Colleague: 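Here it is: the structure, laid out below.
Here, residue 1 is the first one in the sequence, and each next residue gets the next number. All heavy atoms count here, side chains included; hydrogens, waters and symmetry mates do not. This is a predicted model, so every value here is computed, not measured. When a ligand or atom number is given, it counts from 1 through the structure's own listing order.
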Amino acid sequence: MATGAAQQTKFLLDESQLPRRWYNIRADMPTAPQPVLHPGTGQPVGPDDLAPLFPMALIQQEVSEEPEIAIPDEVLGILSLWRPTPLYRAHRLEDALGTRSRIFYKYEGVSPPGSHKPNTAVAQAYYNKQEGRTRLATETGAGQWGSALSFACRLLGLECKVYMVRISYEQKPSRRSMIHAWGAEIVPSPSEDTNCGRAVLAEHPDSPGSLGIAISEAVEDAAGREDTAYSLGSVLNHVLLHQTVIGQEAIAQMELAGAFPDVVIGCVGGGSNFAGLAFPFLREKIAGRDIDVLACEPAACPTLTRGVFAYDFGDTSKLTPLVAMHTLGHDFVPAPIHAGGLRYHGAAPLLSQLVRDGLVRAEAYLQNDVFASALTFAGSEGILPAPESAHAIHGAIRAAQQADEAGEERTILFNLSGHGHFDMSAYDNYLAGKLQDVALDEAEIERALLAIEGLPTPA
Ligand SMILES: Cc1ncc(COP(=O)(O)O)c(C=O)c1O
């Protein structure tokens, strides 16, 4: 029988072990990411171009090449409400699968809003407050990001306006209530509150919305008001940076477990929870360690597996600068699958470059398979995962099964980015056999990619 660390279920760090610095992968990447371009001039954007939308501290982090950046004490103080988060050895899942591999997961669902998102929400609200902004505008897909930012704004004394993708607004009334309870204003997107929203509604009155549209609305809101900055919950370099507390903690916790992962897995919407766990491990991979790093996405929005690496806008209405990333085209509206947080046409430029360089690989899954894995997990480990996070669970289960078929024993680590307590209608639909698997056809991808024709080509 296994003894000691091999038998243990939870690997916990003391509050004093909360990482004090964020890890910046830009310093170690073999290929530098492409510059962000001004859509009007086609030239790289400078700090002044971004100043109407973001505080200077975040703009500096966006372009920083320092390997580590200190986390301000006030941010650490708030993070310590729930961090360090636990790392679990999934003994019971391993037994349920009958696998010879060891499976570990880092659980970010213990934060007050229920996901990894407040790791960056708190930092962003803090820097905005430091520079005198009193109000933040943002979009939210599944509602996790909107909850996280409204939570952070509440604790730091800022106002907050959330544009919530309409399909999620309807599917998740309790997320809406939570955002409201923390004092933010929330509207379904597309909304009547912005020019972009009104334009979409004029053409598609029944639009389910998308992250791309909601981003346009929030950017327009922020650009139009002195007191307001824009806050994004994923994709940007500084957002991914703020999430790296996850992987740094996980490295220390895997040490406590006397193990190191052969496979590191996360789900990808824009790439932030994936980066949070994976980037500190990629630092080791770049330094020569053999690690398989796997990004999991929905087949209905297969940005990394079927998109192209190209310059594109981050939003539908072409208000953002042009970024080089894997994209399905900025006017692609993904089918209304239940993993609302993974319905984004692009992926983080840092992650896209790492995929391009072969340091990260990606797989896409159908939602019925993902929910089956979510219930296998809930039935063994107990936690009901967010539909987004369930993509990583599915990836981990597949990795264990593939190892068994190959007669290998692997150590698998995945990020459980959030709980699914506000996603129960998705579980109801799955259990009632009502979830549709969306196999995106090539013609729709080709149509959507027409939107990027004529934009600059990455080097
Ligand atoms: C629980 C959860 N996981 C993952 C994601 C995907 O975002 P990202 O790729 O930035 O981690 C979301 C987005 O809303 C989410 O709510």
Colleague: Is it true that Arg92 and Glu381 make a salt bridge, defined as a side-chain N closer than 4.0 Å to a carboxylate O?
Modeller: no
Colleague: Would you mind writing out a table of all protein N or O atoms found under 3.5 Å from any N or O atom of ligand 1, naming both atoms and giving the distance to 0.1 Å?
Modeller:
{"from": "ligand 1", "atom 1": "3 (N)", "to": "Ser417", "atom 2": "OG", "distance (Å)": "2.7"}
{"from": "ligand 1", "atom 1": "7 (O)", "to": "Lys117", "atom 2": "NZ", "distance (Å)": "3.2"}
{"from": "ligand 1", "atom 1": "9 (O)", "to": "Gly269", "atom 2": "N", "distance (Å)": "2.7"}
{"from": "ligand 1", "atom 1": "9 (O)", "to": "Gly270", "atom 2": "N", "distance (Å)": "3.0"}
{"from": "ligand 1", "atom 1": "9 (O)", "to": "Gly271", "atom 2": "N", "distance (Å)": "2.8"}
{"from": "ligand 1", "atom 1": "9 (O)", "to": "Ser272", "atom 2": "N", "distance (Å)": "3.4"}
{"from": "ligand 1", "atom 1": "10 (O)", "to": "Lys117", "atom 2": "NZ", "distance (Å)": "3.2"}
{"from": "ligand 1", "atom 1": "10 (O)", "to": "Ser234", "atom 2": "OG", "distance (Å)": "2.5"}
{"from": "ligand 1", "atom 1": "10 (O)", "to": "Ser272", "atom 2": "N", "distance (Å)": "3.0"}
{"from": "ligand 1", "atom 1": "10 (O)", "to": "Ser272", "atom 2": "OG", "distance (Å)": "2.7"}
{"from": "ligand 1", "atom 1": "11 (O)", "to": "His116", "atom 2": "NE2", "distance (Å)": "3.0"}
{"from": "ligand 1", "atom 1": "11 (O)", "to": "Ser272", "atom 2": "OG", "distance (Å)": "3.2"}
{"from": "ligand 1", "atom 1": "11 (O)", "to": "Asn273", "atom 2": "N", "distance (Å)": "2.8"}
{"from": "ligand 1", "atom 1": "11 (O)", "to": "Asn273", "atom 2": "ND2", "distance (Å)": "2.7"}

Colleague: Could you work out, with ring-ring contact (aromatic ring centres under 6.0 Å, His included) as the rule, every residue matching Tyr427, not counting sequence neighbours?
Modeller: Phe371
Colleague: Side chains of Gln124 and Ser231: donor-acceptor distance under 3.5 Å anywhere?
Modeller: yes
Colleague: Is there any salt bridge (charged side-chain N to carboxylate O under 4.0 Å, His left out) pair reaching into residues 415-429, and which pairs are they, with sequence neighbours excluded?
Modeller: Lys172-Asp423
Colleague: According to salt bridge (charged side-chain N to carboxylate O under 4.0 Å, His left out), does anything in residues 429-439 pair up with another residue at least two apart or in another chain? List the pairs.
Modeller: none
Colleague: Has Arg289 got its NZ or CZ under 6.0 Å from the middle of the six-membered ring of Phe260, at an angle within 45 degrees of the ring axis?
Modeller: yes
